[in-house]
Structures are given as structure tokens and as C-alpha cells.
Participant: 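Please find one structure pasted underneath; my questions will follow.
Because only heavy atoms are used, hydrogens play no part in the values below, and waters and symmetry mates are left out as well, while side chains stay in. Chain A is the first sequence line, chain B the second, and so forth, proteins listed ahead of strands; every chain is numbered from 1.
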There are 2 protein chains.
Amino acid sequence: MEDDTRQRLLDAAEALFAEHGFAETSLRAITTQARANLAAVHYHFGSKDELLHAVFARRLKMLNEERLARLTALETGGGPVTVETVLTAFIEPSLRLRRAGVQGERFTRLLGRAQIDASEALRDFLRDQYAPVLERFQQTLGRTLPQLQPGELRWRLYFALGVLSFTYAGARLPQMPFAARLVGDEEWLLRQLIQFLAVGLCAPPLEEGAEKTA
Amino acid sequence: MEDDTRQRLLDAAEALFAEHGFAETSLRAITTQARANLAAVHYHFGSKDELLHAVFARRLKMLNEERLARLTALETGGGPVTVETVLTAFIEPSLRLRRAGVQGERFTRLLGRAQIDASEALRDFLRDQYAPVLERFQQTLGRTLPQLQPGELRWRLYFALGVLSFTYAGARLPQMPFAARLVGDEEWLLRQLIQFLAVGLCAPPLEEGAEKTA
DNA sequence: GTCTATATAGCGATAGAC
DNA sequence: GTCTATCGCTATATAGAC
């Protein structure tokens with residue numbers, strides 16, 4: 001069992017945090033699902049907070065490295081650098097994670113939740129992980145959409161990441177009569193999503209003057 | 001104090017739930033901020049869950065009634081029924097709530113969070129409140145955008161509500177170097193938001209065949 | 001309606017045997 | 001590394017005086 005226990009704890013925490021939230025999930029629920037002892041969490045991670053941190057660390061580094069690698073390949077590959085291809089470079093790695101199995105789907109769900117839920121400490125950690133990625137994507141998009149003021153581009157990027165987070169979080173709009181989960185056919189949904197975001201980012205500027213820069 | 005205590009409890013709960021989340025907020029924190037006794041919550045509401053329910057009930061009914069009234073006025077007023085005007089009919093009432101004071105801003109923040117956070121029981125309540133509103137807006141949008149398959153329209157509406165929830169929740173994208181809060185200038189941001197959503201909803205259909213209807 | 005006092009339960013965390 | 005047992009704390013909820 002030894003190190004395998006650590007992985008089972010991460011898997012169980014990932015699933016339960018994604019489903020019920022951090023505060024609502026007890027260490028007892030996690031260790032039960034992981035078939036581990038209650039004390040194992042503190043032996044392997046030190047605290048509940050550090051367990052959550054480890055859940056993110058396990059997957060986030062690779063995810064964002066893949067995003068940057070795809071963007072670099074896009075910019076040096078000689079192909080067309082359009083809003084669609086840049087968005088795809090950002091989104092596809094996370095979609096691959098979802099396709100890789102149920103644990104990947106749970107992680108993206110947790111990641112979406114964290115954008116709204118995250119405590120101050122977790123936000124600091126996520127910021128460190130995301131800052132270089134977002135900055136590079138923003139720069140590239142800025143070159144692709146030179147007609148936009150920086151403040152305008154940043155808000156549109158904010159909206160776009162909002163859609164992505166909301167969708168990955170699997171938010172069930174209580175009012176919608178259809179299942180809002182990403183069931184099957186994620187390829188079709190990805191195309192819908194990318195088009196929705198792309199036309200939003202590419203919309204003509206609204207700025208009349210140039211006073212709004214932040 | 002009598003009934004005033006009830007209002008102060010609702011105000012404090014609204015603020016703290018919006019800021020820290022439901023599970024993370026204790027009744028002690030709420031009663032302290034409301035300058036009320038701990039037992040007052042159970043006297044006035046019965047339980048913590050029913051307090052949350054009451055926080056939503058206090059504002060949600062009026063909000064959705066105003067949305068429906070605006071949509072009706074739009075459809076019978078003889079003016080142009082465009083995607084932008086329909087979106088405005090949906091969004092403006094919540095924006096008015098935000099402008100009305102800090103409590104309105106807190107409520108919309110809580111409402112945004114709830115779309116991702118909500119427990120099963122709260123989701124049932126929200127569904128009942130939202131179902132008729134969303135259905136009518138979807139019908140109207142369907143007439144304005146007849147080229148879209150129903151499934152396509154529903155997902156685009158889902159994306160749009162995602163952006164709105166995310167923005168109202170005041171999600172601080174940890175990676176963004178700018179303040180992601182809605183500081184001042186909400187008029188400018190509203191125009192940005194509505195344009196982003198409108199062009200996304202109006203994008204040409206992606207459907208090749210007609211097999212995808214749900 | 002508001003208060004004090006308390007019941008009851010679950011939480012994260014730790015000590016120490018094995 | 002894994003276990004049992006438990007500490008110390010906080011939570012929601014309630015009973016009963018005023």
C-alpha cells in the first residue's frame with residue numbers, strides 16, 4: 001500500500017472536493033472512500049489544506065506547461081495564428097484531461113469551482129500557476145486583435161475564462177430543462193464553446209475614446 | 001428591535017454567505033455581525049438552511065418578476081426585439097439591484113456563487129424560481145434567432161448565463177493582474193458584457209445536419 | 001422576543017503503540 | 001506506514017428563565 005495510499009487519498013479528495021466543495025468535505029469522508037486511515041492524511045500531507053494544495057499541484061503544472069507548449073508551437077509553426085487557434089491551444093489540453101478519464105473530469109470540475117470558491121491561500125497558489133500562462137495568451141491575443149484597448153481585451157478574456165470555468169464546473173443551471181453536464185459529444189460542445197468565445201473576443205471595439213485602459 | 005432583528009440577520013447572512021460561502025460561515029459570525037443573539041436565528045428561521053433559503057426568497061421573486069415584466073413590455077411595445085434588447089431585459093433588473101446599494105451587490109454576488117455551489121435542496125428552490133423566466137426568454141430568443149437548432153440555442157444560453165454568474169460572483173481570476181471586481185463604471189462593463197453575449201448568441205449555426213436537438 | 005446555558009455531534013489534528 | 005484512541009475545539013440546535 002505504502003505510496004499507493006497517497007494516490008488513493010488524492011483521488012478521493014479530488015472527487016469529493018469537486019462534488020461537494022472543500023469545507024463540506026471531511027477528512028473522514030475522504031479516508032473512508034480511499035480505504036485509508038484517518039491519520040494517513042496528516043502523515044502524507046500534514047493538513048487538510050495541504051491535501052487540497054497537493055490535489056491541484058498534481059495536475060496543474062503539466063496542464064499549463066502543455067498550454068504554453070501548444071501556443072509556442074502555434075506561433076513558430078508558420079500556421080495561422082487566429083483567435084480560434086489560440087483558444088484551442090488553451091482549451092484543448094484541459095479537454096484532453098477530461099477525455100483521459102473520470103479523474104480528469106473531476107479535476108477540471110474542481111478547477112472550475114476554485115475560480116469562484118477559492119480561499120485567499122489557494123488563490124495565491126493558483127495565481128502563481130496561472131500568471132505566466134495567462135500573460136502569454138493575453139499578449140498573443142493582443143497581437144491578433146490590435147484594434148482592442150488593453151482594458152477591453154482583458155475583460156473579454158475574463159468573460160471567456162468565466163464561460164470555461166462555469167462549463168467545466170458543470171454548473172447545473174437549476175432552471176434548464178436539459179442536462180447541463182458535458183455528456184458524451186465533447187467534441188461538438190468544444191466547437192460550440194470555441195465559436196462562442198471567438199466571436200465574443202473578436203467583436204468590434206466599444207470604446208469611443210481611449211481613456212479606459214484598466 | 002423585534003422584526004428589525006430578522007432583517008439584520010438577513011443582511012448579515014447575505015453579506016457573509018456571499019463573501020465566504022455557506023459552509024464557511026457560522027451562525028455565530030452572522031449573529032455577531034447582526035448584533036443579535038445566537039438563538040435568534042432559530043427563533044426567526046428555524047435552521048441555518050432555512051436562513052439561506054430566506055435570503056434568496058427575499059429578493060429573487062421581485063427580481064424575476066421584473067425580468068418578465070420587461071420582456072413583456074419589450075414584446076408588446078412595438079420596439080425592436082433584438083438579442084441585445086432581450087439580454088438587456090434580463091440583465092438590467094439585476095444591475096439595478098447592484099446599483100441600489102451594497103446589499104444588492106452582495107446578493108447578486110451570492111446568486112452567482114450559488115449557480116456553482118448550490119446544494120441539492122437549494123438547487124430545487126432556485127429551479128422553481130428560475131424555470132418560468134428562463135423558459136420565456138429562451139422562447140423569445142428562439143424567435144429572434146430562428147436559424148439555431150434548439151440544442152445549440154440552449155448551450156449558448158448556458159454559456160451566457162455562465163458569464164453573467166461568473167461576473168456577478170466577482171470571481172477573482174487569480175492570474176489577472178487587474179482587479180476583476182465590478183468597480184464603478186458598471187455601465188461601461190454592462191455594455192461590454194451585453195455585446196460579448198450578443199455576438200456569441202448571434203454567431204452562425206455550427207450544425208451541419210439536424211440530428212443534434214438536445 | 002431575547003437571553004444564558006447546555007446538549008449533542010462532528011471536525012481537524014496529534015500522541016504513541018505496533 | 002498504519003493503526004487506535006483521544007484531545008481540544010467549534011458547530012448547529014434546543015431548553016427554559018425572563
Side-chain angles (χ1 to χ4, degrees), chain A residues 1-58 110 113-114 117-125, chain B residues 1-58 110 113-114 117-125:
Chain A
M1 291 296 171
E2 27 179 297
D3 203 46
D4 188 32
T5 297
R6 188 187 156 91
Q7 295 302 316
R8 287 204 319 278
L9 285 172
L10 286 171
D11 288 344
E14 189 169 64
L16 292 170
F17 288 157
E19 193 64 26
H20 306 294
F22 179 71
E24 293 85 348
T25 301
S26 70
L27 294 183
R28 283 166 175 81
I30 292 169
T31 51
T32 298
Q33 175 156 326
R35 286 167 291 117
N37 187 273
L38 175 59
V41 168
H42 298 92
Y43 175 79
H44 285 285
F45 302 99
S47 72
K48 187 184 177 184
D49 278 292
E50 288 171 84
L51 169 60
L52 177 66
H53 186 284
V55 166
F56 280 103
R58 178 166 66 150
L110 178 60
R113 279 190 87 126
D117 263 28
S119 68
E120 195 67 35
L122 180 61
R123 196 147 42 216
D124 289 346
F125 172 70
Chain B
M1 289 297 169
E2 30 179 292
D3 203 46
D4 189 33
T5 298
R6 188 188 156 91
Q7 295 303 316
R8 289 203 318 279
L9 285 171
L10 286 171
D11 289 343
E14 188 170 65
L16 291 170
F17 288 156
E19 192 64 28
H20 306 295
F22 179 71
E24 294 85 348
T25 301
S26 69
L27 294 183
R28 284 169 173 80
I30 292 169
T31 51
T32 298
Q33 175 156 327
R35 287 167 291 118
N37 187 272
L38 175 59
V41 169
H42 297 92
Y43 175 79
H44 286 284
F45 302 98
S47 71
K48 186 183 177 183
D49 278 292
E50 289 172 82
L51 170 60
L52 177 66
H53 186 284
V55 167
F56 280 103
R58 177 168 66 151
L110 178 59
R113 281 189 84 128
D117 263 30
S119 68
E120 196 66 36
L122 180 60
R123 196 146 43 213
D124 288 345
F125 172 71

Participant: Which heavy atom of L52(B) sits nearest to which heavy atom of L122(B), and what is that distance?
Facilitator: CD2-CD2, 3.8 Å
Participant: How bent is the helix from dG1(C)-dC18(D) to dC18(C)-dG1(D), measuring the angle between the end axes built from five pairs each, rounded to 10°?
Facilitator: 0°
Participant: For dT4(D), does OP1 or OP2 lie under 4.0 Å from any side-chain N or O of N37(A)?
Facilitator: yes
Participant: In chain order, what residues pass the side chain to side chain donor-acceptor pair (under 3.5 Å) check against E50(A), with sequence neighbours excluded?
Facilitator: S47(A)
Participant: Using a cut-off of 4.0 Å between protein heavy atoms and nucleotide atoms, how would you tag nucleotides 11-18 of chain C 5' to 3' with B, S and -?
Facilitator: BBBB----
Participant: Among all residues two or more places apart in sequence or in another chain, which pass the salt bridge (charged side-chain N to carboxylate O under 4.0 Å, His left out) test with R58(B)?
Facilitator: D11(B), E14(B)
Participant: Which whole-number value in Å describes the distance from E24(A) CD to dG10(C) C1'?
Facilitator: 15 Å
Participant: How long is the line joining CZ of F45(A) and P of dG1(D), in whole Å?
Facilitator: 12 Å
Participant: Between E24(B) and F22(A), does the side-chain contact (heavy atoms from CB on, under 4.5 Å) criterion hold? Intermediate values first, please.
Facilitator: CA-CA 9 Å; E24(B) 294 85 348; F22(A) 179 71; 5.5 Å; no
Participant: For side-chain contact (heavy atoms from CB on, under 4.5 Å), just list the numbers for L9(B) and T31(B), CA-CA rounded to whole Å, side-chain angles, deciding distance to a tenth of an Å, and then say yes or no.
Facilitator: CA-CA 7 Å; L9(B) 285 171; T31(B) 51; 4.1 Å; yes
Participant: Can you name the residues that form a side chain to side chain donor-acceptor pair (under 3.5 Å) with T32(A), not counting sequence neighbours?
Facilitator: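 Partners of T32(A) under the side chain to side chain donor-acceptor pair (under 3.5 Å) test: none.
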Participant: Under the rule for side chain to side chain donor-acceptor pair (under 3.5 Å), what residues qualify as partners of Q33(B), not counting sequence neighbours?
Facilitator: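 For Q33(B), no residue satisfies side chain to side chain donor-acceptor pair (under 3.5 Å) once neighbours in sequence are set aside.
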Participant: Please pick, from dC3(D), dC3(C), dG1(C), the nucleotide with the shortest atom-to-atom distance to any side-chain atom of Y43(B).
Facilitator: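 Of the candidates, dG1(C) comes closest.
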Participant: Hey, is the main chain of A18(B) close enough, under 3.5 Å, to the side chain of R113(B) for a donor-acceptor pair?
Facilitator: yes
Participant: Using whole Å, what does the distance between atom P of nucleotide dA13(D) and atom NE2 of H44(B) come to?
Facilitator: 16 Å
